[in-house]
Asker: 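Have a look at this one.
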Amino acid sequence: MQDEGYASCCSLLEEEEANQAGQARAVTAPVERLSYSGGKFKNGAVGLCNIGVNNCLNPLLQTLYMNQHFTDLLCGIGHPNDNVPAERRLPYELLALFEEMQNSKEDAVAPYRFLRCLQILDTRLCEQHDAADFLFMMWNLLLQQMPLPHLAQRLRALYGIKLKEHVTCHKCSHEKSSDMEVLTIPLPVPHSKYQRPLPLVLQFFSLPQTLSIHLKRISRRKTSDVQKINRTFSFPCTLDLSDVLDQEQFPVQEHAQSDFKYRLFAVIAHSGTASFGHYCAYINSSKDQTWYSFNDSSVCKVSWDDVKCTYGNMDFHFSATACLLVYLQGDGN
């Protein structure tokens, strides 16, 4: 059944591409910088139509779009300088989508061409994906296709996290450490308040501009069944990483205090079960420092109390619970 659904999804994208063939946009020279002045809120916040594909894609795209550090990087790709077909150029198609969102007079944009590009690059769009996993897949594709080496380096610096992991066995107290570079920091959510978490200490070798934390709410029990953990797990709106830096490789005294401060920029939340459900995003606009809910084509202002509702609740199994937190460097002042 999954293969039939995937074939149907592919046909939908191909049909829509054919319908738009006469008016398909060309991949033109990128703008120097997005102005974030469009949409009904005049801050760039625009919805994306849900066209029945991967349900975590829209909130991920909206989170990337509202991150000006990322769009500034993307605007530097310049003109294509090879003979690769336009529909296979993910960075250019992504920027074209972002420009369409910025210039749209409608409340939402349909990302058909970008989805078709992902499909041509062998991405299975009509399957259930974890948001962190799909972000990693898109990030890798963008990294591979960046037309200039310095842009690939900037993309790594923007999202890559270099750290040392220390894991201690709570039975024998044996400690194991390893160096790694990751896109998101995995943080398991305990199944119950009585469950003892595995002791875990992370030391950062660098300060990323974007710090993404994956709240792992999917539990695989001894059987083959998977279960979503809706247990309450609170998170702060600000972080200070000065206590978790490797002092030898990153001396604290050589940097301004603001370098260690991070503010919560986006929360991607999932409602439903481990096998099906729906994703949305809560994003803090850098233009007006206001929280917005991005639920596919619907965008509206919300409060911090609304964002805190994604902490989770064991009594409400289908409520939206946070699964991916995105922090930006700087205290926002």
Asker: Which residues pass the ring-ring contact (aromatic ring centres under 6.0 Å, His included) test with Y36, sequence neighbours left out?
Answerer: Y65
Asker: Which heavy atom of L60 sits nearest to which heavy atom of A131, and what is that distance?
Answerer: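 Answer, listing the atom of L60 first, then A131: CD1-O, 3.6 Å.
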Asker: I need the F70 CZ to L95 CG distance, nearest 0.5 Å.
Answerer: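 Going from the CZ atom of F70 to the CG atom of L95 covers 9.0 Å.
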Asker: Considering residues at least two apart in sequence or located in another chain, which fulfil the side chain to side chain donor-acceptor pair (under 3.5 Å) criterion with S234?
Answerer: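 Per chain and number, S234 pairs via side chain to side chain donor-acceptor pair (under 3.5 Å) with no residue.
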Asker: According to salt bridge (charged side-chain N to carboxylate O under 4.0 Å, His left out), who are the partners of D306, at least two apart in sequence or on a separate chain?
Answerer: none
Asker: Would you please name every residue forming a ring-ring contact (aromatic ring centres under 6.0 Å, His included) with F294, sequence neighbours left out?
Answerer: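 With neighbours one apart ignored, the set is empty.
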Asker: side-chain hydrogen bond (donor to acceptor under 3.5 Å, both in side chains) for K308 and S303? Distances and angles first, verdict last.
Answerer: CA-CA 9 Å; K308 290 194 294 184; S303 67; over 6 Å; no
Asker: Less than 4.5 Å apart, side chain to side chain, heavy atoms only: is that true for I161 and L183?
Answerer: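 Result no, sub-4.5 Å side-chain heavy-atom pair not found.
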Asker: List the residues meeting ring-ring contact (aromatic ring centres under 6.0 Å, His included) with F41, not counting sequence neighbours, and say none if there are none.
Answerer: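 Here the qualifying residues are Y292.
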Asker: Measure the spacing between CD1 of I268 and CG of N58 and express it to the nearest 0.5 Å.
Answerer: 10.5 Å
Asker: Is a side-chain N or O of K301 found less than 3.5 angstrom from the main chain of S293, in a donor-acceptor match?
Answerer: no
Asker: To the nearest 0.5 Å, how far apart are NE2 in H69 and CZ in R154?
Answerer: 10.5 Å
Asker: Do L61 and L57 come within less than 4.5 Å of each other through their side chains, counting heavy atoms only?
Answerer: yes
Asker: Taking all non-hydrogen atoms of both residues into account, name the closest pair between K40 and D107 and its distance.
Answerer: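 It is CD-OD1, 4.2 Å.
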Asker: Do L324 and V267 have side chains that approach each other closer than 4.5 Å (heavy atoms only, starting at C-beta)?
Answerer: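 Result no, sub-4.5 Å side-chain heavy-atom pair not found.
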Asker: List the residues meeting side chain to side chain donor-acceptor pair (under 3.5 Å) with N83, not counting sequence neighbours, and say none if there are none.
Answerer: none
Asker: Quick check against the 3.5 Å criterion: does T123 have a side-chain atom that pairs as donor or acceptor with the backbone of L125?
Answerer: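 Flag not set: sc T123 to bb L125 has no pair under 3.5 Å.
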Asker: State, yes or no, whether a side-chain contact exists between L325 and L215 at a heavy-atom distance under 4.5 Å.
Answerer: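 With C-beta onward as the side chain, the pair touches.
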Asker: Distance-only, no hydrogens or angles: does the Q102 side chain make a donor-acceptor pair with backbone N or O of S35 under 3.5 Å?
Answerer: yes
Asker: Which atoms form the tightest heavy-atom contact between T63 and A266, and what is the distance?
Answerer: CG2-CB, 3.7 Å
Asker: So, using side chain to side chain donor-acceptor pair (under 3.5 Å) as the criterion, who are the partners of N81 when residues are at least two apart?
Answerer: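 Once residues adjacent in sequence are excluded, N81 has no partner under the side chain to side chain donor-acceptor pair (under 3.5 Å) criterion.
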Asker: Is the ring pair W304/W291 parallel, tilted or perpendicular, if the boundaries are 30 and 60 degrees?
Answerer: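 Judged by the thresholds at 30° and 60°, the geometry between W304 and W291 is tilted.
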Asker: For Q153, enumerate each residue passing the side-chain contact (heavy atoms from CB on, under 4.5 Å) test, keeping only those at least two apart in sequence or located in another chain.
Answerer: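 Residues passing side-chain contact (heavy atoms from CB on, under 4.5 Å) with Q153: none at all.
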Asker: Mind running side-chain contact (heavy atoms from CB on, under 4.5 Å) on L34 and E99 for me, showing each step along the way?
Answerer: CA-CA 7 Å; L34 298 188; E99 290 179 14; 4.3 Å; yes
Asker: Do K228 and H270 have side chains that get closer than 4.5 Å, going by heavy atoms?
Answerer: yes
Asker: Sequence neighbours excluded, which residues qualify as side-chain contact (heavy atoms from CB on, under 4.5 Å) partners of R88?
Answerer: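 Result, side-chain contact (heavy atoms from CB on, under 4.5 Å) vs R88: V84, P85, I120, L121.
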Asker: Any donor and acceptor pair, going by atom type alone, linking the side chain of R263 with main-chain N or O of L239 inside 3.5 Å?
Answerer: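 Between the backbone of L239 and the side chain of R263 there is no qualifying donor-acceptor contact (under 3.5 Å).
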Asker: Taking the side chain as everything from C-beta on, heavy atoms only, tell me whether H214 gets closer than 4.5 Å to I185.
Answerer: no
Asker: Can you list the steps and then say if N295 with H278 is a side-chain hydrogen bond (donor to acceptor under 3.5 Å, both in side chains)?
Answerer: CA-CA 9 Å; N295 191 352; H278 178 72; 2.7 Å; yes
Asker: Sequence neighbours left out, what pairs pass salt bridge (Lys or Arg N to Asp or Glu O under 4.0 Å) with at least one residue falling in residues 43-72?
Answerer: R33-D72
Asker: Mind listing the closest non-hydrogen atom pair of A132 and T184 along with its distance?
Answerer: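 Taking every non-hydrogen atom into account, CB-OG1, 4.3 Å.
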Asker: Check whether any side-chain N or O of Q145 sits under 3.5 Å from a backbone N or O of L142 as a donor-acceptor pair, and report yes or no.
Answerer: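 No; zero donor-acceptor contacts below 3.5 Å.
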Asker: Verify side-chain hydrogen bond (donor to acceptor under 3.5 Å, both in side chains) between Q329 and T210, making sure each step is shown before the conclusion.
Answerer: CA-CA 6 Å; Q329 190 178 33; T210 304; over 6 Å; no
Asker: Could you check E93 against R113 for salt bridge (charged side-chain N to carboxylate O under 4.0 Å, His left out), going step by step and ending with a plain yes or no?
Answerer: CA-CA 7 Å; E93 288 294 346; R113 285 180 59 93; 3.0 Å; yes
Asker: Does L211 reach the side chain of V326, with side-chain heavy atoms less than 4.5 Å apart?
Answerer: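 Side chain of L211 against side chain of V326, heavy atoms only: no contact under 4.5 Å found.
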Asker: For D240, what residues pass the side chain to side chain donor-acceptor pair (under 3.5 Å) criterion, not counting sequence neighbours?
Answerer: S242, K261
Asker: To the closest 0.5 Å, what do you measure between OH (Y279) and NE2 (H129)?
Answerer: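 It is 10.0 Å, given to the nearest 0.5 Å.
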Asker: Does the side-chain contact (heavy atoms from CB on, under 4.5 Å) test come out yes or no for I213 and Y327, once each step is laid out?
Answerer: CA-CA 8 Å; I213 300 175; Y327 288 85; 4.1 Å; yes
Asker: Are the side chain of N55 and the backbone N or O of G277 linked by a donor-acceptor pair below 3.5 Å?
Answerer: yes
Asker: For D296, does its backbone N or O pair with a side-chain atom of Q62 as donor and acceptor, under 3.5 Å?
Answerer: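 Looks like yes, one N/O pair under 3.5 Å.
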Asker: Take L74 and M146, measure what side-chain contact (heavy atoms from CB on, under 4.5 Å) needs, and give me the verdict at the end.
Answerer: CA-CA 9 Å; L74 201 59; M146 277 296 162; 4.0 Å; yes
Asker: Are the side chain of N43 and the backbone of D288 linked by a donor-acceptor contact shorter than 3.5 Å?
Answerer: no
Asker: Under the side-chain contact (heavy atoms from CB on, under 4.5 Å) rule, what do C117 and R89 come out as? Steps first, then yes or no, please.
Answerer: CA-CA 7 Å; C117 181; R89 300 177 181 274; 5.8 Å; no
Asker: Atom CD of residue position E181 - does it have more than 12 heavy atoms of other residues, nucleotides or ligands inside 6.0 Å?
Answerer: yes
Asker: For R217 versus A322, what's the shortest heavy-atom pair and its separation?
Answerer: NE-O, 2.8 Å
Asker: Can you find a pair of side-chain heavy atoms, one from R156 and one from W139, that are under 4.5 Å apart?
Answerer: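 Answer yes - side chains close enough.
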Asker: Restricting to non-hydrogen atoms, name the atom on L207 and the atom on D259 that form the minimum distance, rounded to 0.1 Å.
Answerer: CD1-O, 3.4 Å
Asker: So, taking the atom named CD in E100 and the one named CZ in F114, what distance separates them when rounded to the nearest 0.5 Å?
Answerer: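 So the CD of E100 and the CZ of F114 are separated by 12.5 Å.
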Asker: What pairs with F235 under ring-ring contact (aromatic ring centres under 6.0 Å, His included), at least two apart in sequence or on another chain?
Answerer: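 Only Y311 meet the ring-ring contact (aromatic ring centres under 6.0 Å, His included) criterion with F235.
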Asker: How many angstroms lie between CG in L97 and CG in L48, if you round to the nearest 0.5 Å?
Answerer: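 Going from CG on L97 over to CG on L48, the span is 6.0 Å.
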